[in-house]
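Please read all numbers here as calculations on a predicted model, not as lab measurements.
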Amino acid sequence: MSQWKQIQQLEIRLLEHVDYLYDDNFPMDIRQGLASWIEAQDWDTAVNDESMAAVMFANLLSQLDRVRSQEQNFLQRHNMKIIQQQLQLKYTTNPAIMARVISTCLREERRILSSACTEEQGPLEKSLQNSVAFERQKNMDNRVGIIRGSVQLMDQAVKYIEDMQDDFDFRYKTLQSRESSDRNSETMKQEVTKLQEMLNRLDFKRKEILSKMDVVIKEIDDLVTSQLNLELQDWKRRQQIAAIGGPLLTGLDQLQSWFTLTAQSLFQIKRQLDKLGELVVKVTYESDPIPLQKPQMEERVKYLIYHLIKSSFVVEKQPCMPTHLQKPLIIKTGVQFTTKVRLLVKLPEVDYQLKVKTTFDKSRQFFILTNNTKVMDIEDYSNGCLSVEFRHLLSGVCGVVCIWQGLLSVTEELHSLSFEACFTVQGLTIDLETCSLPLVVISNVSQLPGGWASVMWYNLLTDEPRNLAFFGNPPRANWSQLSEVLSWQFSTFAGRGLNKEQLAMLGEKLFGQHASCSDYQVSWSKFSKENIPGKPFSFWMWLDSILELIKKHLLPVWNENYIMGFVSKEMERALLKDKEAGTFLLRFSESHLGGITFTWVEYSENGDAKFNSVEPYTKNRLSALPFADIIRDYKVISDGVVPENPLKFLYPNIPKDEAFGRLYNSQPSKGKRTNLFIYLEFMLF
């Protein structure tokens, strides 16, 4: 069944998450109309290959032409034409962006499908998708809307005061022009009385508008402090979780809307205060409230504008090598990496080019080899946000680098990129500065697994943006949270996460068979540094090698849920005991890095069960022959008997060909070639 058909069978709750994936950048109409074709393409590779991305983009447009020509419904045909034109505008000059968008959508679909197989969400994912967050956002929308409405009304009030003052000024100057002989007349006295009433009214209105401004400024201050900053911190935390395989990161456009509307209100209030200052130049009087209150209000507004814009400068895409898009925050010296920063305030006042400079933060070991300064500009293919993407950065080493600092390995040394910019808006100079999440710099791809372990551990256990000394004393992780992150690795890299039973097996691997894993805490050393008892590798190195094996050689079998995975030899015997002869199960090797084996049961004449296992298949052997074909053609020679395949039923009782038939890549071998598929390397238990 295609991935898209599986998606359509999900419950409504999960379909709502799917809905978030698709917008004008990649409409769901295309996903629906070209489902099979889209899933057959290698979008991950195209992200890093401009020429391949261009060919695939051209092919996609051709596929849309074909679908549109076959569409009978006129309205649908028209909509497809509009979509095609929009895609051409967005991606013709940069088709790799389209490849990245589609790759991300497909990967997130797999993660959602994986979560559907899990009985319940883990604690991390549940915390990111609760109803309280949605209610909080509704409240935020409401408050921002009320503030905008109040500021618009104050505009009208300032205009009313200006008209009232113009009327007063005209009457006052007219009265002054009268001859001195008329000044004691009854008419003159009445005019003076009217002027005094107008001045009193003007004074009241001035005090009233200043009072309203004070209330709105306090409301904006409270909004920013109690909600907007917290929403930004929440987004940054969700960015951390998304970086290590968690739910797709959304909400930045919503944040930009809140930041922009709030900034618009502040700039509008600043203009209103400027206008009141102009009015004072024309008309002032003793105890005039504007000269008394305006300076303090202006300072508060400037302070809020300064800090609002300063905090709106964020890293939208964390540093990542294009060759390892699913493992951000690891960069290799001499290899290009990309990153992107964005200003969440979208205003005419700051709608001009800004130069952004990036440097390694407080690090004498590394520096940027390529041009580290770029101009921030408006995105044409997005929502018009002000951003800049560094696509071809290279890191270099300063002199001799000490790989070991005390007891820390190179993959435990954390660095970060700093981004700086400066501009002046309405006389206010604002220094922008932000930084990436801590990243690991490696010099050899063999350090990639260790680096990714560090990235996972950091972003799981802290929301600090720049704790570069984290691994000096790394905290322990609760198994309930760590197991969820490990499941995300399988859903991200292998297409299907781990079920409850598989996670329990991993817990037993760490804590022992009789441990109750849910409340256990795992140390960093036990997870990534200490060798498994009796083995020359750590728990994480073992698990990472399995992920690589699945990704490169076992994806079809894994995604059919045919690999039990992490069962121990003891549990294996218990499961196969009393099963029909020839029943077998698939598990990952406990003694080899990146190995898979199978064990089957057979019975002696007296009914005793015997368990047979093959030597683990590693990447070298699986590169030569698909695993499903190995299972089909496996033969055993015993005491001169004609070779036969002992594998009959996949545990618990699925006929072998029924399970693997669709996965066979070649025809069964015949005649002399049979010898190529006779495997003798099995052990009897």
Side-chain angles (χ1 to χ4, degrees), residues 1-113 116 247-254 256-257 316-317 325 340 346 378-385 387 389 495:
M1 185 185 298
S2 71
Q3 182 170 306
W4 187 244
K5 286 185 178 178
Q6 293 179 61
I7 286 290
Q8 291 173 309
Q9 294 177 6
L10 293 174
E11 58 181 285
I12 293 178
R13 174 181 64 85
L14 293 172
L15 285 175
E16 289 176 351
H17 297 314
V18 175
D19 186 52
Y20 281 121
L21 303 179
Y22 296 97
D23 52 23
D24 290 342
N25 292 320
F26 184 32
M28 192 178 290
D29 302 69
I30 297 179
R31 183 67 179 96
Q32 169 76 23
L34 302 179
S36 299
W37 182 85
I38 286 171
E39 292 174 28
Q41 310 307 307
D42 187 358
W43 300 104
D44 292 343
T45 302
V47 170
N48 307 311
D49 189 330
E50 289 284 348
S51 59
M52 181 179 178
V55 170
M56 292 175 68
F57 179 54
N59 290 342
L60 183 140
L61 295 178
S62 297
Q63 291 290 326
L64 282 176
D65 278 333
R66 177 184 59 81
V67 172
R68 186 159 57 90
S69 65
Q70 296 172 353
E71 177 60 54
Q72 300 298 315
N73 185 289
F74 172 77
L75 182 59
Q76 281 292 96
R77 200 161 59 244
H78 172 76
N79 290 339
M80 292 293 285
K81 181 180 179 181
I82 297 299
I83 289 173
Q84 189 170 358
Q85 291 172 344
Q86 290 174 340
L87 291 180
Q88 288 175 311
L89 287 173
K90 287 177 184 290
Y91 301 126
T92 297
T93 58
N94 200 340
I97 292 178
M98 178 208 67
R100 182 189 301 165
V101 170
I102 298 178
S103 173
T104 300
C105 289
L106 293 176
R107 185 170 67 251
E108 185 61 14
E109 282 181 9
R110 291 193 294 271
R111 192 199 65 78
I112 293 171
L113 286 172
L248 179 71
L249 182 65
T250 58
L252 195 57
D253 288 343
Q254 177 65 77
Q256 177 172 298
S257 174
E316 181 177 353
K317 294 179 182 176
L325 290 175
K340 181 179 179 181
K346 180 183 171 185
I378 297 173
E379 286 187 355
D380 293 328
Y381 65 87
S382 185
N383 61 351
C385 66
S387 65
E389 184 168 13

Given side chains that start at C-beta, do those of [X] and [Y] come closer than 4.5 Å, heavy atoms only?
X      : Y      : result
Asp65  : Gln84  : yes
Ser387 : Lys340 : yes
Leu60  : Tyr91  : no
Trp43  : Val101 : no
Leu87  : Met98  : no
Ile30  : Ile38  : yes

- Shortest non-hydrogen contact between Met52 and Thr45, atoms and distance: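 Result for this residue pair: SD-CG2, 3.7 Å.
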- Query: Do you know the tightest heavy-atom contact between Ala46 and Ala96?
  - Reply: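 So the two residues come closest at O-CB, 4.4 Å.
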Interatomic spacing from [atom1] in [X] to [atom2] in [Y] - rounded to 0.5 Å:
X     : Y      : atom1 : atom2 : answer
Leu64 : Asp29  : CG    : CG    : 10.0 Å
Asn94 : Phe57  : CG    : CZ    : 10.5 Å
Asp44 : Thr104 : CG    : OG1   : 8.5 Å
Glu39 : Gln41  : CD    : CD    : 10.5 Å

- Message: For a side chain to side chain contact (heavy atoms under 4.5 Å, CB included) check, start with the C-alpha distance between Asp49 and Met56, then their side-chain angles and the critical distance, and finish with the verdict.
- Response: CA-CA 11 Å; Asp49 189 330; Met56 292 175 68; over 6 Å; no
- Message: Keeping Ser62 on the side-chain end and Ala58 on the backbone end, is there a donor-acceptor pair under 3.5 Å?
- Response: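 Checked: pair present.
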- Task: Give a yes or no on whether the backbone of Ala99 and the side-chain of Ser103 come within a donor-acceptor separation of less than 3.5 Å.
- Result: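 Pair absent, no side-chain N/O of Ser103 close to backbone of Ala99.
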- Please step through side chain to side chain contact (heavy atoms under 4.5 Å, CB included) for the pair Glu316 and Glu389, ending with a clear verdict. CA-CA 9 Å; Glu316 181 177 353; Glu389 184 168 13; over 6 Å; no
- Which residues satisfy the side chain to side chain contact (heavy atoms under 4.5 Å, CB included) test with Glu109, sequence neighbours excluded?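 Testing Glu109 for side chain to side chain contact (heavy atoms under 4.5 Å, CB included), a comparison that skips the adjacent residues, returns Gln3, Trp4, Ile7, Leu21, Tyr22, Arg31, Leu106.
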Name every donor-acceptor pair, under 3.5 Å, that has one atom in a side chain of residues 75-83 and the other anywhere in the protein, sequence neighbours excluded.
from, atom 1, to, atom 2, distance (Å)
Arg77, NH1, Glu71, O, 2.8
Asn79, ND2, Leu75, O, 3.4

